[in-house]
Amino acid sequence: MNLGYACINMTLGEEKPKVTTNRSMIKKTFLAKGPEYAGELALLNCRDLFEILKWNKENGIKFFRLSSGIFPWASEYDIEDLPQYHRIKTILSGCGNYAKKNNIRITSHPGPFNVLVSPREHVVKNTITDLTNHGKVFDLLGLDRTPYNKINIHCNGVYGDKASALNRFCENFELLPESVKTRLTVENDDKASMYSVKDLMYIHKRTGIPIVFDYHHHQFCTGDLSEQEALELAITTWPDGIKPVVHYSESKSIHESNGKVKPQAHSDYINELPNTYGNSVDIMVESKAKELSLLPFVIH
DNA sequence: CATGGTCAAGTGGCA
DNA sequence: TGCCACTTGACCATG
């Protein structure tokens with residue numbers, strides 16, 4: 001079992017200059033400076049990715065979620081056309097080799113704007129663009145084309161007709177490139193009206209993609225399954241030889257005894273690890289304090 | 001140099 | 001109707 005954290009390393013983020021893979025810019029700046037400047041930021045982001053991977057190795061952390069912001073404004077240009085492309089390619093290749101050599105699992109979680117179930121054509125088109133860029137970056141890293149290196153999304157929409165939406169997911173899945181289809185996973189939601197693990201089984205049966213079980217979300221959208229039932233149903237969707245991933249976080253409102261905070265909000269730290277009921281999984285911990293929150297649980 | 005207002009994208013839920 | 005939360009705070013104009 002490996003514990004992972006998402007996108008940001010707080011420790012390195014406090015160094016000067018700070019180590020981060022999230023350099024970006026507002027639209028106005030992108031329009032003024034163009035993809036060339038985006039490439040400069042991407043190059044720095046990629047260099048810092050290597051620093052974070054080294055930190056992870058030195059601190060016994062073998063699971064990390066890559067930021068979706070590593071290439072700012074990636075939807076507006078082709079990564080291959082950046083003037084820094086060859087340098088970026090070399091660096092990412094080095095990052096991927098380093099991760100593989102040290103058994104660091106890298107995954108990603110593209111944002112809520114990715115809506116493969118949308119009835120609106122331009123939304124699906126934008127989704128395909130963003131997911132394709134994630135697949136490209138994973139290919140540049142030389143990561144496996146399997147859900148070991150997953151690109152994980154939510155459905156992100158119901159439109160009052162879940163069955164139709166699920167169908168659109170499966171139809172639009174076929175429009176994705178192999179770099180994405182081979183890595184894509186889908187995660188249960190944190191709203192009762194949305195998709196439980198049970199709902200997502202329809203997608204798994206039609207496309208074969210695995211389901212990521214989120215413990216925290218499950219509390220708000222059970223699909224009438226117990227935690228153990230939902231977890232183990234999700235686990236059945238993973239291919240042989242690839243350890244399933246689960247997401248774990250604790251409720252901020254419980255940590256702070258504050259009823260005003262939405263129960264869905266994540267806490268800074270975690271008090272415990274989830275019950276895996278004896279199953280072997282990798283656990284992505286989603287907490288505000290990032291790597292700091294999992295250090296107490298990491299065995300060196 | 002610190003700080004606060006503002007920031008690409010889609011959707012659902014809530015005041 | 002408008003804000004917030006979600007993958008993740010970070011950018012940048014102003015003082």
Side-chain angles (χ1 to χ4, degrees), chain A residues 4-10 12-14 16-33 35 37-38 40-41 44-45 48-49 52 64-77 106-131 133-134 137 150-162 165 168-169 172 184-195 212 214 216-217 220-221 245 247-249 251-253 260-266 268 284-291 293:
Chain A
Y5 67 101
C7 308
I8 291 166
N9 183 297
M10 306 281 281
L12 295 175
E14 282 173 15
K16 290 179 183 174
K18 86 174 194 177
V19 174
T20 175
T21 63
N22 290 308
R23 293 174 187 82
S24 188
M25 60 193 138
I26 61 172
K27 187 174 186 177
K28 191 173 140 191
T29 309
F30 179 67
L31 291 176
K33 299 190 171 182
Y37 181 60
E40 278 180 42
L41 297 182
L44 295 172
N45 286 340
D48 281 356
L49 173 62
I52 292 174
F64 179 65
R65 181 186 296 168
L66 181 67
S67 167
S68 293
I70 190 162
F71 284 85
W73 293 91
S75 57
E76 304 304 311
Y77 54 86
I106 296 177
T107 62
S108 67
H109 199 344
F113 314 108
N114 289 274
V115 193
L116 217 43
V117 302
S118 180
R120 301 160 69 191
E121 198 174 338
H122 84 275
V123 175
V124 174
K125 184 170 168 285
N126 292 345
T127 299
I128 293 171
T129 301
D130 195 31
L131 292 178
N133 281 326
H134 281 79
V137 173
K150 74 185 164 64
I151 298 173
N152 176 56
I153 58 173
H154 290 267
C155 289
N156 287 328
V158 175
Y159 316 92
D161 184 352
K162 204 181 275 185
R168 285 194 298 274
F169 188 105
N172 293 330
L184 199 69
T185 61
V186 66
E187 177 181 344
N188 58 311
D189 284 299
D190 68 356
K191 295 188 186 93
S193 65
M194 297 191 76
Y195 301 87
V212 170
D214 186 307
H216 191 221
H217 294 171
F220 308 98
C221 182
V245 172
H247 291 177
Y248 180 70
S249 53
S251 189
K252 187 182 178 73
S253 58
K260 288 179 195 164
V261 177
K262 281 192 178 180
Q264 281 92 338
H266 293 172
D268 293 348
M284 176 54 62
V285 176
E286 296 173 330
S287 56
K288 299 294 178 195
K290 302 297 175 188
E291 85 285 0
S293 67

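Chain letters run A, B, ... following the sequence lines, proteins first, then strands; residues in each count from 1.
Considering only heavy atoms from C-beta on, A/Asn133 comes within 4.5 Å of A/Thr129 through its side chain. Looking only at side-chain heavy atoms (C-beta outward), A/Ile153 and A/Leu184 come within less than 4.5 Å of each other. With a 4.5 Å cut-off on side-chain heavy atoms, A/Pro110 and A/Leu131 count as touching. Side-chain atoms of A/Tyr5 and A/Met10, non-hydrogen and from C-beta on, never get closer than 4.5 Å to each other.
Across the protein-nucleic acid pair, A/Leu31 atom CG and B/dA9 atom P stand 12 Å apart, rounded to whole Å. If you take NE2 of A/His247 and C1' of C/dC6, they are 13 Å apart, rounded to a whole angstrom. As a whole-Å value, the separation of A/Lys162 NZ from B/dT11 C1' is 14 Å. Distance, A/Phe169 CZ to B/dG10 C1': 15 Å, rounded to whole Å. When rounded to the nearest whole Å, the span between CG of A/Asn9 and C1' of C/dG9 equals 15 Å. Per the geometry, CG belonging to A/Asn22 stands 11 Å off P belonging to C/dT8, to the nearest Å. The separation between A/Leu44 atom CG and C/dC11 atom P is 11 Å, rounded to whole Å. Atom OH of A/Tyr159 and atom C1' of B/dG12 are 10 Å apart (whole Å).
Between A/Ser118 and the phosphate of B/dT11, there is a side-chain N or O to OP1/OP2 separation shorter than 4.0 Å. In this structure, A/Arg23 does not reach the C/dG9 phosphate: none of its side-chain N or O atoms is under 4.0 Å from OP1 or OP2. In terms of phosphate contacts, A/Lys288 brings no side-chain nitrogen or oxygen within less than 4.0 Å of OP1 or OP2 of C/dT8. In this structure, A/His154 does not reach the B/dT11 phosphate: none of its side-chain N or O atoms is under 4.0 Å from OP1 or OP2. Between A/Lys125 and the phosphate of B/dA9, there is no side-chain N or O to OP1/OP2 separation shorter than 4.0 Å. An OP1 or OP2 oxygen of B/dT11 is reached within less than 4.0 angstrom by no side-chain nitrogen or oxygen of A/Lys191.
Judged by distance alone, the side chain of A/Asp48 and the main-chain N or O of A/Thr21 form no donor-acceptor pair under 3.5 Å. Proximity of a side-chain donor or acceptor of A/Lys191 to a complementary backbone N or O of A/Cys221 within less than 3.5 Å is not detected.
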Per-residue pairing states of DNA chain C in dot-bracket (Watson-Crick or G-U under 3.5 Å; . unpaired, | other strand) read ||||||..|||||||
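Under the side-chain contact (heavy atoms from CB on, under 4.5 Å) test applied with A/Ile70, the options A/Thr20, A/Leu44, A/Asn22, A/Leu49 reduce to a single match, A/Leu49.
A/His154 and A/His109 have parallel rings, their planes meeting at less than 30° on a 0 to 90° scale where 60° marks the start of perpendicular. Ring-plane geometry between A/Trp73 and A/Phe30 is classed as parallel, the angle between the planes falling under 30 degrees on a 0 to 90 degree scale with a further cut at 60.
Here C/dT8 is the nucleotide among B/dA8, C/dT8, C/dC12 with the atom lying nearest to any side-chain atom of A/Arg65. Nearest to the side-chain atoms of A/Ser193 among the listed nucleotides C/dC12, B/dG10, B/dG12 stands B/dG12. Taking the side chain of A/Val123 as heavy atoms from C-beta on, and the options B/dG10, B/dA8, C/dA10, the nearest nucleotide is B/dG10. Comparing C/dT8, B/dG12, C/dA10 by their nearest atom to the side chain of A/Thr20 picks out C/dA10.
Two residues, A/Ala6 and A/Tyr37, neighbour DNA chain C, and the one matched to the more 5' nucleotide by heavy-atom proximity is A/Ala6. When the nearest nucleotides of DNA chain C are assigned to A/Lys28 and A/Lys18 by heavy-atom distance, the more 5′-ward of the two goes with A/Lys18.
Taking atom P in both B/dC7 and C/dG2, the straight-line distance is 15 Å, to the nearest Å. Separation of the P atoms belonging to B/dG10 and C/dA10 is 23 Å when rounded to the nearest angstrom. Atom name P, nucleotides C/dC6 and B/dG4: the rounded distance is 23 Å, in whole Å. Nucleotides B/dT3 and C/dT8 have their P atoms positioned 26 Å apart, rounded to a whole Å.
The distance from atom CG of A/Asp190 to atom NE2 of A/His247, rounded to the nearest 0.5 Å, is 13.0 Å.
Residue A/Asn126 is out of contact with every strand shown, counting any heavy-atom pair closer than 4.0 Å. Within 4.0 Å (heavy atoms only), A/Gly111 reaches at least one base atom of the nucleic acid. Residue A/His134 is out of contact with every strand shown, counting any heavy-atom pair closer than 4.0 Å.
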Worked check of side chain to side chain contact (heavy atoms under 4.5 Å, CB included) between A/Val117 and A/Tyr159: CA-CA 9 Å; A/Val117 302; A/Tyr159 316 92; 3.8 Å; yes
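Sorted by residue number, the members of residues 67-76 of chain A with any non-hydrogen atom under 4.0 Å from DNA chain B read A/Trp73, A/Ser75.
One finds a salt bridge joining A/Glu286 and A/Arg65 here, because a Lys/Arg side-chain nitrogen approaches an Asp/Glu carboxylate oxygen to under 4.0 Å.
Evaluation of A/Phe113 against the base of B/dA9 yields a stacking contact (centre distance < 5.5 Å, interplanar angle < 30°).
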